[in-house]
Amino acid sequence: MAEIRTVALAHIRDRRLLQARSSGKTAFYMAGGKIDPGESPEQALHREIREELDAGIVAGTLEELGVFEAEAFGHSPGTRLHMTCYLADLTDEPTATSEIAELRYFTTDEYAAMDESAPGSRLVFERLRSLGLVD
């Protein structure tokens with residue numbers, strides 16, 4: 001079974017979770033991406049957040065939320081997602097870069113109501129809601 005190893009940022013504002021829609025895609029996902037060979041998850045997160053959100057991570061605010069495993073949305077059936085997700089503050093206002101068509105903050109119910117949603121993101125929403133961090 002194929003597995004995709006990724007990192008993601010759970011950036012929360014006003015009890016809503018930031019999601020990004022890549023150019024040419026219809027679904028919103030967690031900001032982040034694949035871990036390159038030789039990178040630690042933390043190094044990959046810093047790189048991906050700079051590439052996707054044109055922001056840095058505030059030193060001392062990075063906290064692992066957990067590892068989430070689900071079906072990899074948008075990939076061939078049977079492909080698994082292994083996503084290490086972090087909470088962190090950003091140095092700048094998140095801005096969509098050329099890779100990203102749109103950024104949007106969602107409540108759990110708003111995200112669940114979308115026509116398409118990523119299973120990995122849904123798991124993160126559930127965890128954050130159980131912790132009382134998002135609506």
Side-chain angles (χ1 to χ4, degrees):
M1 181 178 289
E3 180 179 75
I4 299 171
R5 298 182 67 79
T6 67
V7 292
L9 175 67
H11 182 65
I12 301 165
R13 175 181 291 155
D14 299 325
R15 301 185 56 78
R16 287 178 147 77
L17 180 61
L18 179 67
Q19 297 284 287
R21 183 174 62 79
S22 296
S23 299
K25 306 273 178 144
T26 55
F28 283 84
Y29 300 83
M30 303 289 301
K34 292 180 184 170
I35 301 170
D36 287 340
E39 271 186 325
S40 71
E42 294 85 2
Q43 289 169 327
L45 185 69
H46 283 275
R47 176 182 52 75
E48 288 286 351
I49 296 310
R50 178 65 60 201
E51 289 174 2
E52 292 186 359
L53 304 180
D54 196 26
I57 294 172
V58 175
T61 67
L62 192 63
E63 176 186 345
E64 186 174 322
L65 178 64
V67 173
F68 298 84
E69 295 184 313
E71 185 80 13
F73 184 80
H75 292 269
S76 58
T79 303
R80 300 292 297 168
L81 171 72
H82 179 279
M83 178 174 69
T84 305
C85 188
Y86 296 88
L87 294 162
D89 294 330
L90 296 176
T91 58
D92 301 289
E93 180 68 20
T95 304
T97 64
S98 60
E99 293 182 17
I100 303 299
E102 183 179 2
L103 296 174
R104 190 186 303 175
Y105 289 87
F106 292 90
T107 66
T108 305
D109 292 341
E110 289 167 345
Y111 189 73
M114 297 295 290
D115 289 338
E116 293 182 303
S117 62
S121 287
R122 290 195 309 266
L123 291 174
V124 173
F125 271 101
E126 291 169 17
R127 171 78 54 83
L128 292 170
R129 187 183 231 174
S130 75
L131 294 172
L133 297 175
V134 298
D135 290 327

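From a predicted model like this one, the values you see are computed outputs, not experimental measurements.
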query = Can you tell me how far CZ of Phe73 sits from OG of Ser117, rounded to the nearest 0.5 angstrom?
reply = 7.0 Å
message = Could you report the tightest heavy-atom contact between Ala88 and Ile57, atom names first, then the distance?
response = CB-CG2, 3.7 Å
ask   = Nearest heavy-atom pair of Ala27 and Glu116: which atoms, and what distance?
value = N-OE1, 3.8 Å
ask   = Side-chain heavy atoms under 4.5 angstrom apart, residues restricted to Ile, Leu, Val, Met, Phe, Trp, Tyr: same cluster for Phe68 and Ile49?
value = no
request  = Flag the pair Val7 / Arg47 as yes when at least one side-chain heavy-atom distance between them is below 4.5 Å, and no otherwise.
outcome  = no
request  = Answer yes or no: is there a side-chain heavy-atom contact under 4.5 Å between Asp92 and Asp54?
outcome  = no
query = Any sub-3.5 Å donor-acceptor pair from Thr95's side-chain atoms to Glu93's backbone N or O?
reply = yes
ask   = Any donor and acceptor pair, going by atom type alone, linking the side chain of Thr108 with main-chain N or O of Asp135 inside 3.5 Å?
value = yes
message = Ignoring hydrogens, what is the shortest heavy-atom contact between Met30 and Cys85? Give both atom names and the distance.
response = CE-SG, 3.9 Å
ask   = Are the side chains of Pro94 and Arg13 in touch, meaning some heavy atoms are under 4.5 Å apart?
value = yes
query = Roughly how far apart are Glu69 CD and Thr84 OG1, rounded to 0.5 Å?
reply = 9.0 Å
query = Is Arg104 close to Arg21 at the side-chain level, that is, under 4.5 Å between some pair of heavy atoms?
reply = no
key: Donor-acceptor pair, side chain of Tyr29 and main chain of Ala8, under 3.5 angstrom   = no
note = dist Phe125:CZ -> Thr107:OG1 (nearest 0.5 Å) comes out at 7.0 Å
request  = Look at the side-chain heavy atoms of Ile, Leu, Val, Met, Phe, Trp and Tyr, link any pair under 4.5 Å apart, and say whether Met83 and Tyr111 land in one connected group.
outcome  = yes
task = Give the cluster check for Tyr86 versus Val134: same hydrophobic cluster or not, with ILVMFWY residues linked at side-chain heavy-atom distances below 4.5 Å.
result = no
query = What distance separates Met114 CE from Asp109 CG, expressed to the nearest 0.5 Å?
reply = 13.5 Å
message = Quick one: does any side-chain atom of Thr97 pair with a main-chain N or O of Glu51 as donor and acceptor, under 3.5 Å?
response = yes
ask   = Any side-chain heavy atom of His11 sitting closer than 4.5 Å to one from Leu53?
value = no
ask   = Under a single-linkage definition using a 4.5 Å side-chain heavy-atom cutoff for Ile, Leu, Val, Met, Phe, Trp and Tyr, are Leu87 and Leu17 assigned to the same hydrophobic cluster?
value = yes
ask   = For Val58 and Thr61, which heavy atoms make the closest approach, and how far apart are they?
value = O-OG1, 2.7 Å
Side-chain heavy atoms of Thr26 within contact of Asp115, under 4.5 Å = no
ask   = Tell me, do Leu81 and His75 make a side-chain contact under 4.5 Å, heavy atoms counted?
value = no
task = Identify whether the distance between the nearest side-chain nitrogen and carboxylate oxygen of Arg16 and Glu110 falls below 4.0 Å.
result = yes
ask   = Would Ile35 and His82 count as a side chain to side chain contact (heavy atoms under 4.5 Å, CB included) if you check the C-alpha gap in whole Å, the side-chain angles of each, and the deciding distance to 0.1 Å?
value = CA-CA 10 Å; Ile35 301 170; His82 179 279; over 6 Å; no
query = Could you state the interatomic distance from OG1 (Thr6) to CD (Glu48), rounded to the nearest 0.5 Å?
reply = 9.0 Å
query = Shortest non-hydrogen contact from Ser98 to Ser23?
reply = O-OG, 3.3 Å
query = Same cluster or not: are Leu18 and Val124 linked, directly or through other Ile, Leu, Val, Met, Phe, Trp or Tyr residues, by side-chain heavy atoms under 4.5 angstrom apart?
reply = no
request  = Work out which heavy atom in Glu71 is nearest to a heavy atom in Arg80; give both atom names and the distance.
outcome  = N-NH1, 3.3 Å
